[in-house]
Structure formats: structure tokens, C-alpha cells
Asks: 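Could you have a look at this structure, given as C-alpha cells, before my questions?
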Amino acid sequence: MEIQLNELIEQIKKDGVDAAETQAQAILESAKAEAEKIISDAKAQADKLIADAKAENARTVKSGEDALRQAGRNLLISFRESVTRELKAITGENVNAVYSSDAFVKLIITAVEGWAGKPEAEDISVILNAADLAKLEEALLAELKAKMLGGVTLKANDNFDGGFRIAVNNGAVYYDYSAEAVTDMLSAYLSPVVAALLKEAE
């Protein structure tokens with residue numbers, strides 16, 4: 001009887017230990033699974049944070065690069081416009097200097113000679129502003145006579161500051177050699193040349 005009781009006690013102990021071990025194993029596996037899930041979730045969240053940070057950094061870098069490119073373009077455009085304005089001013093100064101020198105009369109005579117040789121050019125008029133005409137009329141008439149360029153009329157017109165215009169066929173056609181027109185023409189020629197030089201320097 002005592003043996004059976006001992007066996008029963010041993011069996012109960014064994015069953016209790018086995019049950020405790022099974023329960024402990026289940027708790028351990030559950031805790032391990034929970035820990036792995038927590039680690040996995042944390043890693044996924046960390047990966048997302050890193051990916052978001054990289055994307056934001058890439059956006060910031062691109063935005064900065066775009067801003068630098070735009071600033072560079074704006075600076076270059078501003079510089080080109082400044083150079084073009086400066087060239088036009090320099091060209092205008094040089095044109096005005098020629099038009100206010102002794103060479104001005106010779107320039108007008110050369111232009112008149114060029115038109116006088118054309119069969120379609122009749123009734124040539126040289127048009128200057130009133131101040132230039134008053135100052136140059138005597139010298140121009142003397143040069144026209146010396147070059148045997150008869151039939152050329154000198155006229156005053158204050159619609160332009162400096163330079164001259166040549167009208168042919170009773171004023172039907174005008175050729176504009178005014179300071180402003182020549183400056184614009186030379187500036188238009190110089191601007192593409194300067195633009196090409198600036199492009200080579202980029």
C-alpha cells in the first residue's frame with residue numbers, strides 16, 4: 001500500500017513537473033515569438049524611418065541643386081544683359097564720336113556716292129538734324145561739288161539726334177544711318193558674337 005502511495009506521489013510529481021515544463025516551454029516560445037515580432041516591427045519602423053530620411057535628403061539635395069542651377073542661369077542671363085547694355089553704350093559712344101568728327105562729312109559723301117551710282121536712285125536727299133546741317137552744310141556742299149555729285153538736296157529733320165538719313169526717289173525710300181539705327185545694327189551684330197563667346201566660356 002505504501003509502495004502504491006509512493007508511486008502515486010511520484011506520478012503526481014512527474015505529471016506536475018511535466019505540466020510545468022510544458023507550460024514554461026509554451027510561455028518561453030510565446031515570449032520569444034513576441035520578442036521577435038517586436039524586433040521585426042522595430043526593424044521595419046527603423047527601415048521606414050531611414051528610407052524616409054534618405055528620400056527627404058534626396059529631395060533636399062535635388063532642391064538645392066535646382067536652386068543653384070536656377071541661380072546660375074539667372075546670374076548668366078543678368079551678366080549677358082549687362083554685357084549687351086555695356087556694348088550698346090560703348091558702340092553708341094563710338095558711333096557718336098565718329099558722327100561728331102571731321103570724318104562725318106566724308107562718311108556722308110561716301111554714302112551718297114554709293115547711291116548716286118545706282119540707276120534706280122533718283123532725287124537723292126541727305127537728311128540731318130538741324131544743328132548738324134547748320135554746322136556741316138558748307139563743307140558738305142563743297143564736297144558734293146568737288147565730287148561732282150549734283151542734284152543732291154540737303155534737308156533738316158529733328159526726328160533723330162545724330163547721324164543722317166538718305167532718301168531716294170522723292171523720299172519714297174529711306175536709308176537710316178542715324179546714330180540710333182547704326183548703334184542698334186552694330187549691337188545686334190555684336191550680341192550674338194558675345195553670346196557665342198560667353199557660351200564657350202561656360
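Residues take their numbers from the sequence shown, with the count starting at 1.
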Asks: Atom CD1 of I124 and atom CG of L154: how far apart are they, to the nearest 0.5 Å?
Replies: 11.5 Å
Asks: Distance from T110 atom OG1 to K147 atom NZ, nearest 0.5 Å?
Replies: 7.0 Å
Asks: How are the rings of Y177 and F164 set relative to one another: parallel (under 30°), tilted (30 to 60°) or perpendicular (over 60°)?
Replies: parallel
Asks: Taking the side chain as C-beta and beyond, is there a heavy-atom pair between D176 and F160 under 4.5 Å?
Replies: no
Asks: Grab the two heavy atoms, one from G163 and one from L128, that are nearest each other, plus how far apart they are.
Replies: O-CD2, 4.1 Å
Asks: Can you give me the closest heavy-atom contact between V112 and I166, atom names plus distance?
Replies: N-CD1, 4.0 Å
Asks: For S63 and R59, indicate whether the former's side chain and the latter's backbone hold a donor-acceptor pair under 3.5 Å.
Replies: no
Asks: In terms of heavy-atom contacts, does CD of E113 have more than 12 from other residues, nucleotides or ligands at under 6.0 Å?
Replies: yes
Asks: Please indicate whether Q70 has more than 12 foreign heavy atoms, meaning atoms of other residues, nucleotides or ligands, lying under 6.0 Å from its CD.
Replies: yes
Asks: Looking at every heavy atom in both A156 and A130, which two are closest together, and how far apart are they?
Replies: CB-CA, 4.0 Å
Asks: Please find the pair of heavy atoms, one from D132 and one from G162, that lie closest to each other, and give the distance.
Replies: OD2-CA, 4.1 Å
Asks: To the closest 0.5 Å, what do you measure between NZ (K135) and CG (L140)?
Replies: 11.0 Å
Asks: Quick check: closest heavy atoms across L133 and K155, and the distance to 0.1 Å?
Replies: CD2-C, 3.7 Å
Asks: Could you measure the distance from the CD1 atom of I109 to the CG atom of L144? Nearest 0.5 Å is fine.
Replies: 4.0 Å
